[in-house]
Visitor: 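Please find one structure pasted underneath; my questions will follow.
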Amino acid sequence: MATGASSDIRSAPLISCGAMNVRTRFAPSPTGLLHVGGARTALFCWLFARHHGGTFVLRIEDTDRERSTQASIDAILDGLRWLGLDADEGPWFQTDRLAIYQEYIERLLCTGRAYRCWCTREELDAMRDAQRARGEKPRYDGRCRHRTAAPPAGVEPVIRFANPLDGAVVFNDLVRGTVSFDNRELDDLVIARADGMPTYNFGVVIDDLDMDITHVIRGDDHVMNTPRQLNIIAALDAAPPHYAHVPMILGADGQRLSKRHGAVGVMQFRDDGYLPEALLNQLVRLGWSHGDQEIFSREEMVAKFDIEDVNRAPAAFDYDKLGWLNQHYIRQADSERLGALLAEQIERMGLGAPSAVSPSALADIQRDRARTMAEMADKSRFAFEEYGEFDERAAKKHLRPVALQPLEAIRERLGAVAGWEPEPLHAAVNECAAALSVNLGKVAQPLRVALTGTAASPAIELTLQMVGREASLSRIDRAIAYVRNRADQS
RNA sequence: GUCCCCAUCGUCUAGCCUGGCCUAGGACACCACCCUUUCAAGGUGGCGACACGGGUUCGAAUCCCGUUGGGGACGCCA
């Protein structure tokens with residue numbers, strides 16, 4: 001009604017994406033797991049491309065041979081696959097494109113927009129220390145720009161970009177608005193290492209240009225790289241893509257996300273029993289919103305996402321909300337799927353023994369009671385194995401002498417029940433309570449403690465079903481013995 | 001240290017651009033009650049924020065300045 005009536009007609013968009021073939025890219029460096037920050041960046045890129053009917057490209061920035069690993073590449077690919085963030089192109093690997101970078105480096109060298117630098121590590125360190133000591137921002141002073149002396153023998157030079165000395169770089173960031181940097185704040189960055197490998201700032205520029213990327217959507221930590229990249233693009237006489245810098249994701253404590261915050265890798269969430277759609281929903285709401293809507297299906301995200309609705313402030317990752325979302329999706333997940341997921345968790349917990357009901361039946365019984373699949377498995381332990389000691393408080397409250405009669409009565413009825421199914425089991429418990437003229441709780445609670453060792457479990461007839469006939473009867477016997485024993489001692 | 005950015009309930013956010021509809025709305029969490037054979041789920045209600053200080057204006061969460069707080073960037077990492 002009120003919301004439906006509001007006009008959806010926007011004023012002219014910043015960029016006319018309608019006519020343009022939108023191309024976004026996610027360009028992680030394979031030096032670790034796909035963490036939530038990277039996953040959200042990937043999600044935004046994917047969403048933007050899908051929303052505009054464009055193309056989502058995946059590019060692996062593996063030019064740092066020291067730190068790049070195949071294991072990381074696999075981890076990133078696994079994470080993206082799990083989240084369903086499928087790429088339309090790629091993955092491309094920068095190390096497969098070395099010749100391309102080389103070509104552009106030669107070009108910049110020829111046009112005098114790049115130069116060789118023989119400064120040693122020690123020399124650079126000394127320079128930066130001196131600058132810091134003077135209260136200046138450490139930056140390369142361009143001493144090799146016009147070096148006339150012969151280069152030292154045996155030293156392989158790096159290539160530096162000759163950044164403009166004055167003026168400013170101004171660009172319109174799709175989430176931050178107009179951003180301006182004074183060229184004096186920048187310096188002559190290294191674009192090719194001594195071994196010829198391009199550095200990040202050069203590789204991205206060439207690839208984004210070469211791959212016709214129209215919208216560069218990346219983390220906030222790259223804003224300062226943008227003017228440098230824009231200068232290189234200008235030196236190449238090329239047209240720059242649009243930029244959108246999205247805020248970072250902070251840990252629950254408001255601090256930068258790090259290993260201390262637990263689940264660093266996206267796959268850890270799967271192992272912990274989260275559903276990918278829950279993580280996706282959580283991620284999309286960090287820094288982005290659409291009115292008061294909290295739940296977004298993949299299709300809704302695609303339909304409603306736009307980069308101009310993204311925030312500028314960093315957001316903290318909240319596990320409580322993730323848990324709520326996860327439970328929401330668990331509650332509406334397909335039984336078969338949930339059963340398979342539950343079976344994985346059961347396996348993981350070493351609860352291999354077969355149970356009286358199938359994993360999917362178990363999931364249907366427990367779906368309202370768990371925020372994660374791991375929790376669901378844990379809460380279902382009693383269906384797989386005999387519990388140890390009775391929960392102290394539960395036993396004290398429900399396995400008192402007065403429970404003896406109800407337990408014996410229900411033991412007898414259950415022993416005679418035909419068909420160990422919810423209906424007859426429910427009837428048996430009800431009839432038992434009626435015969436004894438007591439509240440249902442007087443029978444159900446002692447029975448529950450007898451079956452599970454605790455005072456909390458699914459509806460009593462379902463609990464009986466989960467435990468199975470044989471185990472149920474023996475556990476009731478155990479509880480009866482416990483109550484008798486306790487009565488004798490007092 | 002230098003440069004840049006950010007600032008609404010504990011958390012995610014709506015509102016801010018185009019001041020008045022805001023005694024600031026929603027969600028998570030928390031508390032209470034209802035429902036109930038337990039635990040959940042569900043329902044109802046409650047607690048709870050415009051960081052601070054100055055302006056501008058008839059009127060500011062919304063515009064401007066400053067302060068404070070937080071974050072980011074300063075590599076032959078990405």
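Excluded from the calculations below are hydrogen atoms, water molecules and symmetry mates; all remaining heavy atoms, backbone and side chain alike, are included.
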Visitor: List for me each residue that meets side chain to side chain donor-acceptor pair (under 3.5 Å) alongside A:D292, sequence neighbours excluded, and say none if there are none.
Guide: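 Expected list: none.
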Visitor: Counting the atoms with a prime plus P, OP1 and OP2 as sugar-phosphate, which does A:C119 contact under 4.0 Å by heavy atoms, base, sugar-phosphate, or nothing?
Guide: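 Result for A:C119 = base.
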Visitor: Base, sugar-phosphate, or nothing for A:L286, non-hydrogen atoms under 4.0 angstrom?
Guide: sugar-phosphate
Visitor: Could you work out the separation of B:rC16 and B:rG54 based on their P atoms and round it to a whole Å?
Guide: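 Roughly 26 Å separates the two P atoms.
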Visitor: Kindly say whether A:R228 contributes a backbone atom to a donor-acceptor pair with the side chain of A:N163 at under 3.5 angstrom?
Guide: no
Visitor: In whole angstrom, give the distance that lies between atom CG of A:D129 and atom C1' of B:rC74.
Guide: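 Distance, rounded to whole Å: 14 Å.
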Visitor: For a quick test of reading the model: is some side-chain N or O of A:S289 closer than 4.0 Å to OP1 or OP2 of B:rA14?
Guide: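 Checking A:S289 against B:rA14: at least one side-chain N or O falls below 4.0 Å of OP1 or OP2.
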Visitor: Minimum heavy-atom separation for A:H245 and A:G219, please, with both atom names.
Guide: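 Smallest heavy-atom distance, with atoms named: CD2-O, 3.5 Å.
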Visitor: Which nucleotide in the set B:rU11, B:rU37, B:rU38 lies at the smallest distance from any side-chain heavy atom of A:A444?
Guide: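 Looking only at heavy atoms from C-beta outward on A:A444, the closest nucleotide is B:rU37.
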Visitor: If I take atom CZ from residue A:R369 and atom OG from residue A:S457, how far apart are they, to the nearest 0.5 angstrom?
Guide: 7.5 Å
Visitor: Using a heavy-atom cut-off of under 4.0 Å over every strand shown, decide if A:M197 touches base, sugar-phosphate, or nothing.
Guide: nothing
Visitor: Looking at every strand, decide which applies to A:P458 at a 4.0 Å heavy-atom threshold: base, sugar-phosphate, or nothing.
Guide: base
Visitor: Please pick, from B:rA27, B:rU38, B:rC76, the nucleotide with the shortest atom-to-atom distance to any side-chain atom of A:V158.
Guide: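 Ranking B:rA27, B:rU38, B:rC76 by closest atom to the A:V158 side chain puts B:rC76 first.
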Visitor: Under 4.0 Å, heavy atoms only, any strand: does A:R134 hit a base, just the sugar-phosphate, or nothing?
Guide: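 A:R134: no heavy atom of the nucleic acid under 4.0 Å.
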Visitor: Tell me which residues in residues 325-335 of chain A lie within less than 4.0 Å of RNA chain B, going by non-hydrogen atoms.
Guide: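 A:Q327, A:R331 - these, ordered by number, are the residues of the stretch whose heavy atoms sit under 4.0 Å from the strand.
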Visitor: Any residue in residues 224-231 of chain A with a heavy atom nearer than 4.0 angstrom to RNA chain B? Just list them by number, or reply none.
Guide: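 Only A:M224, A:N225 qualify.
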Visitor: Could you tell me the separation between the CG atom of A:L286 and the CG atom of A:N311, rounded to the nearest 0.5 Å?
Guide: 9.5 Å
Visitor: Please figure out whether A:R67 or A:G441 has its closest RNA chain B nucleotide nearer the 5' end.
Guide: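 Nearest nucleotide further toward 5': that of A:G441.
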Visitor: Checking all strands, does A:A370 fall into the base, sugar-phosphate, or nothing category for heavy-atom contacts under 4.0 angstrom?
Guide: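 Contact class for A:A370: none.
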Visitor: Can you tell me if A:R139 touches the phosphate of B:rU2, counting only side-chain N or O atoms and a distance under 4.0 Å to OP1 or OP2?
Guide: no
Visitor: When both hydrogen-bonding distances must be under 3.5 Å and the geometry is Watson-Crick or G-U wobble, what is B:rC30 paired with, if anything?
Guide: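 For B:rC30, the partner nucleotide comes out as B:rG46, under the 3.5 Å rule.
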Visitor: Measure the acute angle between the ring planes of A:F171 and A:Y243, then classify it against the limits of 30° and 60° as parallel, tilted or perpendicular.
Guide: perpendicular
Visitor: Heavy atoms from C-beta onward define the side chain here; which of B:rC76, B:rA14, B:rU37 lies closest to that of A:V190?
Guide: B:rC76
Visitor: Between B:rC52 and B:rU11, how far apart are the P atoms? Round to whole Å, please.
Guide: 15 Å
Visitor: Anything under 30° is parallel, anything over 60° is perpendicular, the rest tilted; go ahead and classify A:H290 against A:W288.
Guide: parallel
Visitor: What residues, two or more places apart in sequence or in another chain, satisfy side chain to side chain contact (heavy atoms under 4.5 Å, CB included) together with A:E156?
Guide: A:A194
Visitor: Go through B:rA78, B:rC3, B:rU11 for me and flag the one nearest to the A:S29 side chain.
Guide: B:rA78
Visitor: Closest approach to the side chain of A:K137, judged atom by atom: which nucleotide of B:rU13, B:rG72, B:rC3 is it?
Guide: B:rC3
Visitor: Nearest to the side chain of A:D318, which nucleotide is it out of B:rU37, B:rC74, B:rU11?
Guide: B:rU11
Visitor: For the side chain of A:W324, counting heavy atoms from C-beta on, which of B:rU37, B:rG26, B:rA29 is nearest?
Guide: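 So the nucleotide nearest the side chain must be B:rA29.
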Visitor: Not counting sequence neighbours, which residues clear side chain to side chain contact (heavy atoms under 4.5 Å, CB included) with A:R371? List them please.
Guide: A:W324, A:Q327, A:E375
Visitor: Taking only residues two or more places apart in sequence or in another chain, which ones pass ring-ring contact (aromatic ring centres under 6.0 Å, His included) with A:Y329?
Guide: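 Not a single residue meets the ring-ring contact (aromatic ring centres under 6.0 Å, His included) criterion with A:Y329.
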Visitor: I need the minimum non-hydrogen distance between A:G32 and A:S72, along with the two atoms involved.
Guide: N-OG, 3.0 Å
Visitor: Looking at A:Y387, does the NZ or CZ of A:R475 lie under 6.0 angstrom from its six-membered ring centre and within 45 degrees of the ring axis?
Guide: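 No, A:R475 does not lie over the aromatic ring of A:Y387.
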Visitor: OP1 or OP2 of B:rG75 sitting under 4.0 Å from any side-chain N/O of A:R160?
Guide: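 Result: no.
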Visitor: Between B:rC4 and B:rU56, how far apart are the two P atoms, rounded to whole Å?
Guide: 28 Å
Visitor: What nucleic acid atoms does A:G323 come within less than 4.0 Å of, heavy atoms only: base, sugar-phosphate, or nothing?
Guide: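 Result for A:G323 = nothing.
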Visitor: Step by step, would you call A:Y200 with A:H222 a side-chain contact (heavy atoms from CB on, under 4.5 Å)?
Guide: CA-CA 11 Å; A:Y200 164 75; A:H222 286 294; 3.0 Å; yes
Visitor: Counting side-chain heavy atoms from C-beta on, which of B:rG26, B:rC6, B:rA78 comes nearest to A:Y200?
Guide: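 When the side chain of A:Y200 is considered, B:rA78 is the closest of B:rG26, B:rC6, B:rA78.
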Visitor: Would you indicate what A:R367 reaches in the nucleic acid, counting non-hydrogen atoms under 4.0 angstrom: base, sugar-phosphate, or nothing?
Guide: nothing
Visitor: For atom P, what is the distance between B:rG43 and B:rA29, given to the nearest Å?
Guide: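 Here B:rG43 and B:rA29 have their P atoms 12 Å from each other.
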Visitor: Within the structure shown, what part of the strands sits under 4.0 Å from A:E294 by heavy-atom distance: base, sugar-phosphate, or nothing?
Guide: base
Visitor: Would you mind reading off the distance between A:N201 atom CG and B:rA78 atom P, rounded to a whole angstrom?
Guide: 9 Å
Visitor: Using a heavy-atom cut-off of 4.0 Å across all strands, would you classify A:A455 as base, sugar-phosphate, or nothing?
Guide: base
Visitor: In whole angstrom, give me the gap between the C1' atoms of B:rU36 and B:rU44.
Guide: 16 Å
Visitor: How far does the C1' atom of B:rU8 sit from the matching atom of B:rU13, given to the nearest Å?
Guide: 9 Å
Visitor: Can you tell me which nucleotide in B:rG26, B:rA29, B:rU2 comes closest to the side chain of A:R371?
Guide: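 Closest nucleotide among those given: B:rA29.
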Visitor: Between B:rG72 and B:rA78, how many Å separate the two C1' atoms, rounded to a whole number?
Guide: 15 Å
Visitor: Remember a base hit wins even if backbone is also touched, and classify A:H245 as base, sugar-phosphate or nothing at under 4.0 Å, heavy atoms.
Guide: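 The answer is nothing, as A:H245 stays clear of every strand by at least 4.0 Å.
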Visitor: Specify the residue among A:A315 and A:T31 whose closest nucleotide of RNA chain B lies further upstream toward the 5′ end.
Guide: A:A315
Visitor: What's the closest nucleotide to the side chain of A:R312 if the choices are B:rC4, B:rU2, B:rC6?
Guide: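 The answer is B:rC6, which lies nearest to the side chain.
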Visitor: Looking across every strand, which nucleic acid part, if any, lies under 4.0 Å from A:E461 by heavy atom: base, sugar-phosphate, or nothing?
Guide: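 It contacts base atoms.
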Visitor: If the cut-off is 4.0 Å, is A:T63 near the phosphate of B:rA78, judged by side-chain N/O to OP1 or OP2?
Guide: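 Yes, within the criterion.
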Visitor: State the pairing partner of B:rC74; accept Watson-Crick or G-U wobble contacts with both distances under 3.5 Å, and report none otherwise.
Guide: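 Looking at the geometry, B:rC74 pairs with B:rG1.
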Visitor: How far does the P atom of B:rG55 sit from the matching atom of B:rA61, given to the nearest Å?
Guide: 15 Å
Visitor: If only side-chain N and O atoms of A:R448 are considered, is one of them under 4.0 Å from the OP1 or OP2 phosphate oxygen of B:rC39?
Guide: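 No, A:R448 has no side-chain N/O under 4.0 Å of OP1/OP2 on B:rC39.
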